[in-house]
Amino acid sequence: ILLPLIIGIVFGRLFPFAHFYLLIGPSLILGILAWKASARQPKQWAYFVVSSLLIVGYCYTNFADKKNKPRNNFPEREANLSIEIIRLFEGDESKRKGIGKITATETHLKDIQEAKVYFSLYPPRGSEFSDSIVAGSSIQATGRLRPVSPKDASSNGFLSYLANSGVAFQ
């Protein structure tokens, strides 16, 4: 049962479709046909279930990408953000890297609030980071904001990790 769902997710990543919600009806019909065929025709039941799960995986991926990746077709831009730190990565003391959630933005970027962001921070010139930068704390940051594309999820590497973790920006 997992294999068709996983294959549907892979197809959803490779071939995104803006009107994926049109496929929900056929998936439900296939599910009902599988239920009806389960008692009388076991072989047909399997075909209906596999087809339904392929479509469900495809729709889920397209829905999740649309929900978790706001503005993923827009160009890079400078932004002032308030970020709540979710996870910090280990590194040297000269910069801090991690994943956070955008809690406040400028008025023209309100639709990206609550989106996850990967950050790489440098302290202001002539100063050092304080020990208060830990998971759960909030920071103010100004910098270049670049969308993480759903296409990055199909590659291998750090961008794939970010895309599969639901990170919308870096």
Side-chain angles (χ1 to χ4, degrees), residues 1-77 79 81-90 97-105 108-120 135-136 138 144-170:
I1 289 180
L2 274 177
L3 191 59
L5 189 63
I6 292 169
I7 292 170
I9 290 171
V10 169
F11 277 117
R13 294 273 186 201
L14 295 175
F15 309 107
F17 180 54
H19 304 293
F20 65 91
Y21 52 85
L22 296 174
L23 298 173
I24 294 172
S27 177
L28 287 173
I29 291 169
L30 288 168
I32 292 168
L33 289 173
W35 175 62
K36 293 277 190 186
S38 65
R40 291 174 281 175
Q41 299 153 335
K43 287 185 180 180
Q44 285 185 346
W45 172 84
Y47 294 128
F48 291 136
V49 168
V50 167
S51 301
S52 179
L53 288 173
L54 279 168
I55 296 172
V56 166
Y58 184 85
C59 290
Y60 169 76
T61 302
N62 282 278
F63 174 73
D65 283 345
K66 189 174 182 178
K67 181 180 174 195
N68 293 329
K69 310 277 193 285
R71 291 189 175 222
N72 60 3
N73 293 324
F74 286 84
E76 293 182 15
R77 67 195 66 228
L81 306 171
S82 292
I83 301 170
E84 180 183 329
I85 298 172
I86 297 172
R87 178 174 183 216
L88 284 172
F89 299 129
E90 290 188 27
K97 299 177 183 179
I99 295 176
K101 179 176 70 172
I102 299 172
T103 56
T105 63
H108 68 285
L109 297 173
K110 289 289 184 194
D111 60 320
I112 67 169
Q113 282 188 357
E114 303 297 318
K116 285 185 178 179
V117 62
Y118 166 76
F119 59 85
S120 180
S138 293
R144 189 178 64 201
L145 191 64
R146 176 186 153 325
V148 175
S149 170
K151 295 176 187 171
D152 295 330
S154 61
S155 66
N156 289 328
F158 189 65
L159 281 178
S160 174
Y161 165 74
L162 291 177
N164 289 322
S165 296
V167 174
F169 299 99
Q170 63 175 349

*Between atom CG of Leu54 and atom CG of Leu3, what is the distance when rounded to the nearest 0.5 Å?*
8.5 Å
*If you take all heavy atoms of Leu162 and Ile99, which pair is closest and at what distance?*
CD2-CD1, 4.3 Å
*How close do Ile83 and Thr103 get, heavy atom to heavy atom, and via which atoms?*
N-OG1, 4.1 Å
*Quick one: OH on Tyr118 to CZ on Arg87, what's the gap to the nearest 0.5 Å?*
10.5 Å
_Val49 versus Ala34, closest heavy-atom pair with distance_ = CG2-CB, 3.5 Å
*asked:* Let me confirm one number: the CD1-CG distance from Ile6 to Leu53, rounded to the nearest 0.5 Å.
replied: 11.0 Å
*asked:* For Gln113, is there any backbone N or O sitting under 3.5 Å from a side-chain donor or acceptor partner on Thr105?
replied: no
*Quick check: does any side chain N or O of Ser38 sit under 3.5 Å from a backbone N or O of Trp35, one acting as donor and the other as acceptor?*
yes
_Nearest-0.5 Å distance, OG of residue Ser138 to CD1 of residue Ile85_ = 7.5 Å
_Could you report the tightest heavy-atom contact between Ser27 and Ile55, atom names first, then the distance?_
CB-CG2, 3.6 Å
_For the CG atom of Leu33 and the CG atom of Leu28, what is their distance to the nearest 0.5 Å?_
11.0 Å
*Output, in order, the C-alpha distance, side-chain angles, deciding distance and verdict of side chain to side chain contact (heavy atoms under 4.5 Å, CB included) for Leu159 and Gln170.*
CA-CA 9 Å; Leu159 281 178; Gln170 63 175 349; 3.7 Å; yes
*Might you confirm whether atom CZ of Phe89 has over 12 heavy atoms from other residues, nucleotides or ligands at distances under 6.0 Å?*
yes
*Shortest non-hydrogen contact from Ala115 to Phe169?*
CB-CE1, 4.2 Å
*Calculate, to the nearest 0.5 Å, the distance between atoms CZ and CD1 belonging to Phe119 and Ile102 respectively.*
11.5 Å
*Where is the tightest heavy-atom contact between Val50 and Pro4, given as atom of each residue plus distance?*
O-CB, 3.7 Å
